[in-house]
Amino acid sequence: MNLQTAILQSEITPRGSDYEIIRRVIEKISLDYRDQPSLEDLARDVGEHPATLQKLFTRWAGLTPKAFLQAVTLDHARRLLDDGMPLLEAAMELGMSGPGRLHDLFVTHEAISPGEYKSRGAGLEIRYGFHVSPFGSALIMATERGLAGLAFADEGGEAEAFADMSRRWPAATYVEDMSATAPYTQRIFDPSRWKAEKPLRVVLIGTDFQVQVWQALMKIPLGRAKAYSDIAREVGKPKASRAVGAAIGANPLSFVVPCHRAVGKSGALTGYHWGLTRKRAMLGWEAAQLERG
DNA sequence: CGAGTGAGCGGAA
DNA sequence: TTCCGCTCACTCG
């Protein structure tokens with residue numbers, strides 16, 4: 001393949017394949033982030049040309065690989081936590097949430113009624129579809145009242161992701177309907193479409209405690225993080241940090257309810273239902289959204 | 001630092 | 001009731 005073909009090919013590569021390489025880069029970085037690998041090192045390790053990698057990062061997140069490297073280290077996660085700036089101020093500074101808003105995706109939500117919850121989704125019709133996203137294949141689930149589920153799958157993991165999600169509401173009816181779910185994808189993964197005037201409608205299906213925890217997550221601004229123990233304190237159960245972790249793990253709306261912004265007290269990324277690598281990718285991607293303003 | 005441990009709490013079976 | 005978890009603080013080496 002000559003140079004021109006190579007360039008052409010990288011330009012027409014759909015965004016969906018970007019994440020596969022990003023994933024490999026992040027995995028590599030997680031292994032030896034201590035010695036700050038150069039772009040050249042990383043490119044060699046994942047079998048790509050440095051220029052290709054450079055281009056890919058720009059397209060994926062709008063930032064340089066160097067900035068991205070910094071964004072996925074432990075050090076950075078720690079900084080998200082403890083620069084002491086009150087969250088509300090931080091949010092204002094980003095030109096985002098005032099007190100009346102839930103979070104930067106401009107979500108309005110309603111919790112589902114106890115009856116509906118206990119019936120495990122009986123009578124609920126859920127439309128679903130898989131779509132390309134910056135974090136791999138995204139499974140979107142929606143009821144007529146709004147977005148109800150968002151999950152991720154690595155290549156070939158679609159069936160597993162669907163099983164995982166449909167287990168949560170076993171009695172619901174599932175209808176594959178990509179035309180119904182596609183608009184959600186566009187909206188969710190494009191920050192320029194996060195507009196207060198047209199809030200994303202979301203249904204939160206969970207227990208009181210879980211919904212409280214998820215609401216606390218939605219108050220964390222883009223590009224920042226909170227410790228599980230801080231969230232525990234915030235919902236009035238200061239000793240329940242582990243229960244908070246469990247509730248966060250049960251969040252059916254990955255990314256929209258930003259469970260990736262919860263980290264351990266030390267700044268370490270302790271866990272993520274859809275894979276730690278994906279959590280790192282999300283934090284790195286968010287850091288990039290901030291940097292390009 | 002790194003590994004091990006027990007308290008602590010909510011949810012599901 | 002029993003068991004499990006996206007925790008934490010504390011203990012040793």
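Letters A, B, ... are given to chains in the order of the sequence lines, protein chains preceding strands, and every chain is numbered from 1.
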Euclidean distance, atom CG of residue A:Asp208 to atom P of B:dA12 [Å, nearest integer] = 12 Å
key: is_close_aromatic(A:Trp274, A:Phe135), centroid dist under 6.0 Å   = no
Rounded interatomic separation in angstrom, taking CZ from A:Phe255 and P from C:dC6 = 21 Å
ask   = Is the ring centre of A:Tyr174 less than 6.0 Å from the ring centre of A:Phe162?
value = yes
task = State which of C:dC6, B:dG10, C:dC8 makes the closest approach to the side chain of A:His273.
result = C:dC6
query = In whole angstrom, what separates A:Lys237's NZ from C:dC8's P?
reply = 18 Å
task = Could you please name the option among C:dC8, C:dG5, B:dA12 that lies closest to any side-chain atom of A:Gln210?
result = B:dA12
remark   = Which of A:Asn251, A:Val256, A:Val211, A:Leu147 passes side chain to side chain contact (heavy atoms under 4.5 Å, CB included) with A:Leu204? It is A:Val211
task = Assess the pair A:His260 and A:Tyr272: is the distance between their ring centroids shorter than 6.0 Å?
result = no
ask   = Just the dot-bracket of DNA chain B, please: which string comes out with Watson-Crick or G-U pairs under 3.5 Å, [ ] for crossing, | for another strand?
value = |||||||.|||||
task = Report yes or no: is there a donor-acceptor pair, N or O only, under 3.5 Å between the side chain of A:Tyr228 and the base of C:dC6?
result = yes
inquiry  = Taking the minimum atom-to-atom distance to the side chain of A:Ala246, which one of C:dG5, C:dC8, C:dC6 wins?
reply    = C:dG5
task = Looking only at side-chain atoms of A:Cys259, point me to the closest of C:dC6, C:dC8, B:dG11.
result = C:dC6
Nearest to side-chain heavy atoms of A:Ala243, which nucleotide of B:dA7, B:dC9, C:dC8 = B:dC9
inquiry  = At less than 4.0 Å, is any side-chain N or O atom of A:Ser229 found next to OP1 or OP2 of C:dC8? Yes or no.
reply    = yes
task = In whole angstrom, give the distance that lies between atom NZ of A:Lys265 and atom C1' of C:dT7.
result = 11 Å
query = Does A:Lys239 reach the main-chain N or O of A:Arg233 with its side chain, forming a donor-acceptor pair under 3.5 Å?
reply = no
key: Nucleotide nearest A:Tyr272 when distance is taken to its side chain, options C:dG5, C:dC6, B:dG10   = C:dC6
query = Taking NZ, NE, NH1 and NH2 as the nitrogens, is one of them in A:Lys28 or A:Asp41 under 4.0 Å from a carboxylate oxygen of the other?
reply = no
key: A:Ser137 side chain vs A:Ser133 backbone, donor-acceptor pair below 3.5 Å   = no
query = What is the distance from CE of A:Met282 to P of C:dC6, rounded to the nearest Å?
reply = 16 Å
note = Atom CG of A:Asp164 and atom P of C:dC6 are separated, to the nearest Å, by 12 Å
request  = Please work out if A:Lys279 contacts a base, only the sugar-phosphate, or nothing of the nucleic acid, heavy-atom cut-off 4.0 Å.
outcome  = base
inquiry  = Quick check for you: among C:dC8, B:dA12, C:dC6, whose closest atom lies nearest to any side-chain atom of A:Thr207?
reply    = B:dA12
query = Starting at CH2 of A:Trp169 and ending at C1' of B:dA12, how long is that distance when rounded to a whole Å?
reply = 17 Å
ask   = Could you state the CZ-P distance from A:Arg242 to C:dC6, rounded to the nearest angstrom?
value = 8 Å
task = Answer yes when A:Arg23 and A:Glu27 have at least one side-chain N-carboxylate O distance shorter than 4.0 Å, and no when they do not.
result = yes
inquiry  = Counting only side-chain heavy atoms from C-beta out, which of B:dA7, B:dC9, C:dC8 sits nearest to A:Lys239?
reply    = B:dC9
